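In this text, all values refer to a predicted model and were calculated from it rather than measured experimentally. Sequence lines set the chain letters: A, B, ... in the order given, protein chains first and strands last, and positions in each chain run from 1.
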Amino acid sequence: MNIAKVIVDVPASSINQTFDYSIPERFQEILKPGMRVIVPFGPRKIMGFVVDRVSESSFERLKNIIDVLDLTPVLTKELLDLGKWVANETLSLSIVALQAMLPQVLKSKYKKELVRMTDEKLPDPLEYLFAGRDFIAYEEFENANLSYYQLQKAVQAGDLSVHYQVQSKVTKKEVLMVKPARETHMMEEAFIDFPKNAKKQKQVLGYFIENTHPIPQKEVLKQFQTTNQTVKSLVDKGLLETYKEEVYRNPYNDEEIERTTALELTEEQQQAIKPILASIKNNTHDVFLLHGVTGSGKTEIYLQSIQDVIDKGEEAIVLVPEIALTPQMVNRFKGRFGKSVAVMHSALSAGEKYDEWRRIHRKEVQVVVGARSAIFAPFENLGIIIIDEEHETTYKQEDQPRYHARDVAIQRGQNHNCPVVLGSATPTLESYARAMKGVYSLATLNKRTNDQPMPHVDIIDMRAELHAGNRTMFSRKLKESIEHCIRNKEQVVLLLNRRGYSTFVMCRDCGHVNDCPHCDIALTYHKNTNRLKCHYCSYEEIVPSICPECNSDLIRYFGTGTQRVEEAITELIPEASLLRMDVDTTRRKGSHEKILKEFGEGKADILLGTQMIAKGLDFENVTLVGVLTADSMLNLPDFRSSEKTFQLLTQVSGRAGRHELTGQVLVQTYTPEHYSVKLASEYNFLEFYKKEMGMRKKFQYPPYYFLALITITHENKVKVIQTAQRIVHLLLQKVNQNTVVLGPTPSPIPRIKDRYRYQCMIKYRNEPDLRVYLNKILDQFSDDVRKNNLIISVDLQPYHLM
DNA sequence: AGCACGCCGACT
DNA sequence: GTCGGCGTGCTC
């Protein structure tokens, strides 16, 4: 077994295979699959993952592994296999799948150096560049703009050599600790003999006679108001010892979180948890769909299930949408399981993420709560996987590897023979349909734990407002209700269901709209900078004062963004104080929490925000939730738009009246008759499910059909269309009769960053070999992809049809 | 991907 | 003879 199979860090389809290396004697004992290594690859040195050890290779001459980067494997056997599965399932490269399972810091960086090999004089420009040094960074040579020919000759003559370096930057945080170096009685003797003028040293020594435990040097210095010189002298005298100890960065202050114990479950909750506990107990893999209205106590079911898993000596993964990973949520888990919880989400720094990951790796925690990628937590005895807010689209990764955390969860659940729990107040049609078919077990929670009814939802027809001469974005009823709330010192949450915190600009005379010169999309107006920006390529220009088409000066700003609503409210209800929460105001780390905290403390009457305020907020004093434009989402060219609207309206309604005070929800819409608006206002998920399933069946969409989206991108429009047509043609030759291949059609945004975009959609029910066909087709175009900068991307089960 | 190698053409 | 610019093929 002295040969290692290695997946090397080269993201290219022609390299998407294992490479064999022989294992030098000194690594024989320690090298295991799942470790990272440095290997020679052509003239370079690169990082790779050992995926297997074997005793034979079909290659005659194998190169040696240069170095081993890990003391213990960073990927378990299960995760290595899972990586292979993910790569297969999502048509991505093995190396990309493996990298996705690890924290960023474990990724390698590469460096090239130019090393002088001779004492003889080099050709003038090179000699000058080296300036007496033995080696220089390759970059220096490149920046100097010298002839590559000379370099080539010098290297061939053996006067210079190119060295390749692999840097695996791992930043462990260390603290300098101080402890006594002698036994106490020896220290005491030294104390007595100590010179009187060394006052500080004597004090410190005295401390360590009393306290023999190591403490950080920083604390010693602080306590005795002295410098490290004092400690150093004591160390030099052989009385104290210093050493470095690794510490974890702790993004959450655990001590302050109050511990909680299990709550008593309601009848409904008990019914729901019973089969889950049974599945844990019997080590069976089942998928549970927990359909529970907001406030029905899903989290308590998660917590108690996890408790059983921990008691059994196993581990738990809890996935939460990024946006819901607020301290409120994290505290519930930390409160119950204390130090056994690791938290993983994008607001952590790279170092913090690595630390949390290591706590899992070292088996110091049993529970991880995290966003999508936490599904790859390196646990070896998984007892349960929970996906909260199962319907959230953030569980699908948008770039390679385009995996869905739910699919990975189920795969891991099978690997570990453990249950997977999907929880939501508004499950995806896919999951609910599976539950209906009996593939998943369904548990429904209809009652809120506090027995409060769901708040009443009023639909307001904005067309009628328009007819009545109200041209503002607030209906009369909403305005009155807001004022009423403020008078009663209650709080309001306003949702503007549109990410446009800005507007587009149009000439009133000729209708000219400023488009991005590089993308086929209108520029959006940013008021704070008074500029027009492209959200796709970051192109910017100053807002024109006259129309570039017709020279008219009647420029009008269209569309409603949160900034605008903010202005309108201050005009309409001057006494109201307002907090705005959107992409603009939450860009900085921690600002999200800060805004919520201020609102929670009652520092504002109104919280105005985009989607992000719909999730998980729980404020006692909120009695009114207003949705300004419920249908702005409905008009999107996306077959899920009704589902998304229903989900959003249901979610946001759950924000009102969660405690003593009863809540009210006002939904403004131009299409009050639309079923997703109407049924959301009645909290009628089942009816919505039936209705929407009918639509999906009629138009051949999931869950009746599977989808695959192929997007072809190139600078030359003709080339894109030709390629797309060829792909469609090839597909049609292979797929089943009843499989639909649509396109090629221009993408919803037909050009981004000067690249034209065409797509074709495959709708299928049964194509077991689709991945094989797709791989073959991708192979056929691999030359074009490499040489001509063509991009073909395949997204199986896409969420965004862009 | 990133690199070497080799062929070609330009310029001196 | 001195250079740079591609196209091609390889990486255990």
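A:Lys153 places its NZ atom 10 Å from the C1' atom of C:dC3, with the value rounded to the nearest Å. Regarding A:Asn145, its CG atom lies at a distance of 13 Å from the C1' atom of C:dC3, rounded to whole Å. Separating the CG atom of A:Leu160 from the P atom of B:dA4 is a distance of 13 Å, rounded to the nearest angstrom. Between the P atom of C:dC10 and the CZ atom of A:Phe19 lies a distance of 12 Å, rounded to the nearest Å. Between the C1' atom of B:dA1 and the CG atom of A:Asp783 lies a distance of 15 Å, rounded to the nearest Å. Between A:Glu60 atom CD and C:dT11 atom P the separation is 13 Å, expressed in whole Å. Rounding to whole angstrom units, CG of residue A:Asp20 and C1' of C:dC12 are separated by 6 Å. Distance A:Ile46 CD1 to B:dC3 P: 11 Å, rounded to the nearest Å.
For a distance-only test at 3.5 Å, the side chain of A:Arg786 fails to qualify as a donor-acceptor partner of the base of C:dG7.
A donor and an acceptor atom, one from each side chain of A:Asp9 and A:Gln99, are located under 3.5 Å apart. For the 3.5 Å distance criterion, the side chains of A:His518 and A:Asp754 qualify, holding a donor opposite an acceptor. In this structure, a donor-acceptor pair under 3.5 Å is absent between the side chains of A:Tyr138 and A:Glu140. Side-chain contact check for A:Glu78 and A:His416: at least one donor-acceptor pair (N or O, by modelled atom type) lies under 3.5 Å. Counting only N and O atoms by type, the side chains of A:Glu767 and A:Thr739 include a donor and acceptor under 3.5 Å apart.
Nearest-nucleotide positions on DNA chain B place A:Ser13 closer to the 5' end than the other of A:Val162 and A:Ser13. The residue among A:Leu146 and A:Ser14 whose nearest nucleotide of DNA chain C lies closer to the 5′ end is A:Leu146.
Here A:Lys45 lies out of heavy-atom contact (under 4.0 Å) with every strand. Counting non-hydrogen atoms under 4.0 angstrom, A:Ile15 reaches a base of the nucleic acid. A:Phe41 comes within 4.0 angstrom of a base, heavy atoms only. Counting any heavy atom pair closer than 4.0 Å across all strands shown, A:Tyr110 reaches no nucleic acid atom.
Side-chain proximity of A:Gln156 to the nucleotides B:dC5, C:dC12, C:dT2 is greatest for B:dC5. Listed candidates were B:dA1, C:dG4, C:dT8. Nearest to the side chain of A:Lys787 is C:dT8. Residue A:Tyr149 has its side chain nearest to C:dC3 when only B:dA1, C:dC3, B:dA4 are considered. For A:Gln17, taking side-chain heavy atoms from C-beta onward, the closest of the listed nucleotides C:dC12, C:dT11, B:dC3 is C:dC12.
Distances shorter than 4.0 Å separate none of the side-chain N or O atoms of A:Ser22 from OP1 or OP2 on C:dC12. In terms of phosphate contacts, A:Lys63 brings no side-chain nitrogen or oxygen within less than 4.0 Å of OP1 or OP2 of C:dT11. Close to C:dG4, at under 4.0 Å from its OP1 or OP2, lies no side-chain N or O of A:Tyr148.
For the residue pair A:Ile65 and A:Phe27, the shortest heavy atom distance occurs at O-CE1, 3.9 Å.
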